[in-house]
Every structure is written in structure tokens, then in C-alpha cells.
2 protein chains.
Amino acid sequence: MVTAYDREFLTGTVGVLILSLLTERAMYAYEMLQEAERRSAGAFHLKEGTLYPALHHMERAGLLKAAWRESDAGRPRKYYSLTAKGRRQAESKRRQWKSILSAMRAILGDAGA
Amino acid sequence: MVTAYDREFLTGTVGVLILSLLTERAMYAYEMLQEAERRSAGAFHLKEGTLYPALHHMERAGLLKAAWRESDAGRPRKYYSLTAKGRRQAESKRRQWKSILSAMRAILGDAGA
DNA sequence: GTATGATACCTTGCCTAACAAGGTATGGTG
DNA sequence: CACCATACCTTGTTAGGCAAGGTATCATAC
């Protein structure tokens, strides 16, 4: 379900997306890929080449912390969770996202509703 | 009112923004800058270095056409309007934008509402 | 027994959009 | 005369998203 428009619209949203998912619970990267796809009914298809570097970057920035856990089958999984700084960032980003949303609505008229 | 977050969130939205403004009426670039700022109550501060290249690109792509008109005072203004192709594009982009919006809502939970 | 696909992690290199910072020109206001 | 708002534009940098590759484990199918 990867269409050409994904990219232009997705740009900049990946950060908020990760922060929001991790606000709910700790998750591993592969799980995030599936969750994003499932919840958007296939509209989003987060790419691995986008997600992994983003996670590493956010970990370096002190927003996330990672912990390996064994799984019943297959390779161990690397679970990410929010640090205190990450939780503050999540809150802040969400507020910003809302403000951008309403601004877009104002500019687009009913088109953005 | 330029804040650091503008960029990440704005990415990819400029195209839709232009198409939507021009759906209403022909406008010149400087006017678009003001309109975007006014309607969003200062939340958006479209940059000239973003807008002008975007307009030129969209004109080359056959989405817009430009026409110079004299003004009572100052320099002549370059009015942009949608071509037939541009109108189709505007419709299509708006639909995509809506689908992305609802996908984001689904992922963010009430955070995106 | 081996091929394939799902799971699960990762990196390198390219492309393009957004921006900062600069430039030109005109008219009005202090 | 200086300065600001209007109005157009360009160049160079940066950073984010992605395609395409790679590694390893396990289950299923043939």
C-alpha cells in the first residue's frame, strides 16, 4: 500500500508517530511498523529505512531508551520506551501537531475538516 | 512567529496549501504569504525561500499559470491561477490529505483529534 | 533437505524539500 | 535621506525519507 504521496505527507510526522506509540507502551521497531499499518488500515506504510535511523537518532538525543528482551521464538527484540525527556517531548509535539492541524483547517477551509 | 517546529511539520504541506489557496481565487506570491499567516493566526509563517521555488516548480509542472498585472502602486504583481491539471491535482491532494489526517488520528488516538 | 517467507535487526548513499541569507526594485513615511 | 513595506527572485546548505542492500532465526512448504 505504498503510494507516491506517502512520502510528501509523511515527512516530519515520523517523530510524532514514534513518540505517540511509545506513550502507550514500550514497543520494538518491527512492532511499530505493523501497528502503524494496522491502525491506519494500510494507509501508512512506515519504511524500515526511515524508522531505524529515526529511533537511533532519538535515542542519542535522550528521548528514548532501549532494552533487549528475549522472545519465545526468533531473535531477541529491542524494546524502546520513553525517558522523562521523551515524555515531555511527546506532550509538546502533540500540542504542536494539534495547532498545525487547526491552522491547516483554517487555510484549507472545509477541505481540511 | 517562526518556531523550530514549523519546518518539520510544514514539510510536504506547502503544495496542498498553494493548491487550496488558488482554488478560491488567483493570488500573487506575497499575498499567499500574508494569507497563510493571517488565516492561521500566525501559526504558519511560510518562507519566501520555500514559496517561490515551489511556485516555479508547479508552474513548470503545468499545474499553475502566471500572469503579470499592474498594480496602483509599486511593482507589478505576478498572479497565479490553477490550470485544469492543477484543479484536478488540488482535488486529489485534498483527498489524500484527508486520508492522512484520519490515519494520523487513528494512530495518535485522541491526540490527533 | 532446501527454498521461501515471516520475523527482527541494521547501514549506506541518493534525492529533494525547506530554509537561511542574500539580492533587486518601487513607493510611501518620518 | 533613511528606512520600511511591498514585491519579485536565487544560491547553497542541511536534514529527513527512502531504496536497496545486508545479517540472523525459525516455521512452513515442496
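Lettering of chains follows the sequences in order, A, B, ..., and the numbering in each one begins at 1.
Comparing atom distances between the H56(A) side chain and each of dA25(C), dT11(C), dC18(D) picks out dT11(C) as nearest. The listed nucleotides are dT6(D), dA18(C), dC9(C); the one nearest the side chain of T50(B) is dA18(C). The side chain of Y30(A) sits closest to dT7(C) out of dA19(D), dC8(D), dT7(C).
One finds the CD atom of E91(B) at 11.5 Å from the CG atom of L82(B) (value rounded to the nearest 0.5 Å).
A straight line from OH of Y80(B) to P of dA7(D) spans 14 Å, rounded to a whole angstrom. Here dT6(D) presents its C1' atom at 17 Å from NZ of K78(B), a figure rounded to the nearest Å. Whole-Å rounding puts the M58(B) CE to dT16(C) C1' distance at 16 Å. In this structure, E70(A) atom CD and dT7(C) atom C1' are separated by 15 Å, rounded to whole Å. As rounded to whole Å, 16 Å separates atom C1' of dA5(D) from atom CG of D72(B). Distance, K47(A) NZ to dA8(C) P: 20 Å, rounded to whole Å. Distance, L51(A) CG to dG16(D) P: 14 Å, rounded to whole Å. Rounded to a whole Å, the CG atom of L33(B) is 12 Å from the P atom of dC19(C).
Within a 6.0 Å sphere centred on NE2 of H57(B), other residues, nucleotides and ligands contribute 12 heavy atoms or fewer.
Between dT7(C) and Q34(A), a contact under 4.0 Å exists linking OP1 or OP2 to a side-chain N or O. OP1 or OP2 of dC9(D) has not a single side-chain nitrogen or oxygen of Y52(B) nearer than 4.0 Å.
Of all the heavy atoms in K78(B) and Y28(B), the pair that sits closest is O-CB, 3.2 Å.
For the pair P53(A) and L55(B), both in contact range of DNA chain D, the more 5′-proximal nearest nucleotide belongs to L55(B). In terms of position along DNA chain C, the nucleotide closest to R77(A) lies nearer the 5' end than the nucleotide closest to the other residue of the pair R77(A) and H57(B). Nearer the 5' end of DNA chain C, as judged by each residue's closest nucleotide, is the contact made by A54(B), out of E48(B) and A54(B).
Proximity of a side-chain donor or acceptor of T83(A) to a complementary backbone N or O of L63(A) within less than 3.5 Å is detected.
L51(A) and M27(A) fall within the same hydrophobic cluster, defined by Ile, Leu, Val, Met, Phe, Trp and Tyr side-chain heavy atoms under 4.5 Å apart, directly or through other members.
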